[in-house]
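Everything on this sheet refers to the single structure shown next.
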Amino acid sequence: MPHPRAGVGVLLVDRLGRVLLTLRGRPPEAGCWSIVGGKVDYLETLEQCAVRETREEVGLEIRLLRLLCVTDHHLPQERQHWVSPAYLGEVLAGEARNCEPEKTRQVSWFPLANLPPNLTITARNAIAAYTCQFPRGPKHFFSYGILTTEN
């Protein structure tokens with residue numbers, strides 16, 4: 001009998017207000033664009049997983065700024081059920097690249113106003129949470145490496 005698994009995602013937004021997405025090559029939701037992330041290893045914290053997966057998947061060093069949402073990700077047609085918290089992350093170092101071509105077809109930055117239509121459930125939920133928490137769109141700025149908002 002299949003059982004729920006835990007996976008963590010990270011929504012990375014750059015200074016231009018673009019989000020980093022990866023084109024999935026494997027299930028769940030193969031062929032869809034997703035936020036960076038992956039499954040939680042045994043005895044690994046959610047935060048440790050988010051940082052590790054970002055480094056492994058796209059070669060970026062990040063820090064987590066806040067929890068955006070948690071997705072109860074049901075895909076019965078793929079016999080998959082994931083519980084997936086998504087964090088907002090800030091890039092500290094590196095250039096985004098595809099570090100796992102066996103799993104990921106492509107890595108690209110997209111403006112929030114021009115996202116691909118084939119987003120994963122977790123990507124849609126994380127982006128919706130981000131735009132809800134920052135209702136004026138990407139009117140945020142980075143000051144001394146700290147994300148602050150203009151409210």
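No experiment lies behind these values; they were computed from the predicted model shown.
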Quick one: does [X]'s side chain get under 4.5 Å of [Y]'s, heavy atoms only?
X     : Y      : value
Cys69 : Tyr130 : no
Leu60 : Arg55  : no
Arg18 : Phe110 : no
Asp14 : Val91  : no
Leu88 : Leu64  : no
Trp82 : Pro28  : yes
His81 : Arg5   : no
Leu21 : Pro116 : yes

Results of salt bridge (Lys or Arg N to Asp or Glu O under 4.0 Å) for Glu47 - residues two or more places apart only: none
Measuring from [X]:[atom1] to [Y]:[atom2], what's the distance to the nearest 0.5 Å?
X     : Y     : atom1 : atom2 : value
Glu90 : Arg15 : CD    : CZ    : 6.5 Å
Thr54 : Ile62 : OG1   : CD1   : 3.5 Å
Glu57 : Arg52 : CD    : CZ    : 10.0 Å

Side chain to side chain contact (heavy atoms under 4.5 Å, CB included) between Tyr87 and Val8, intermediate numbers included: CA-CA 8 Å; Tyr87 291 91; Val8 177; 3.8 Å; yes
Tell me whether [X] contacts the main-chain N or O of [Y] through its side chain, where contact means a donor paired with an acceptor under 3.5 Å.
X      : Y      : value
Gln48  : Thr45  : yes
Asn125 : Val70  : no
Arg124 : Leu119 : yes
Gln133 : Leu68  : yes
Asn98  : Thr104 : yes
Asp41  : Glu44  : no

Do the side chains of [X] and [Y] join up, straight or via other hydrophobic residues, at under 4.5 Å, putting them in one cluster?
X      : Y      : answer
Leu23  : Leu75  : no
Val51  : Leu20  : yes
Leu115 : Ile121 : no

Can a salt bridge be assigned to the pair Arg24 and Glu29 using a cut-off of 4.0 Å between side-chain N and carboxylate O? no
For residues [X] and [Y], report the shortest heavy-atom separation together with the two atoms involved.
X      : Y     : value
Ala123 : Ser34 : CB-CA, 4.0 Å
Leu112 : Gly17 : CG-O, 3.7 Å
Glu78  : Pro27 : OE1-CB, 3.3 Å

Decide yes or no on side chain to side chain contact (heavy atoms under 4.5 Å, CB included) for Asn118 and Trp33, but give the supporting numbers first. CA-CA 6 Å; Asn118 56 327; Trp33 289 92; 3.3 Å; yes
Just do the side chain to side chain contact (heavy atoms under 4.5 Å, CB included) check on Ile35 and Val10 with the steps written out, would you? CA-CA 6 Å; Ile35 58 176; Val10 181; 5.9 Å; no
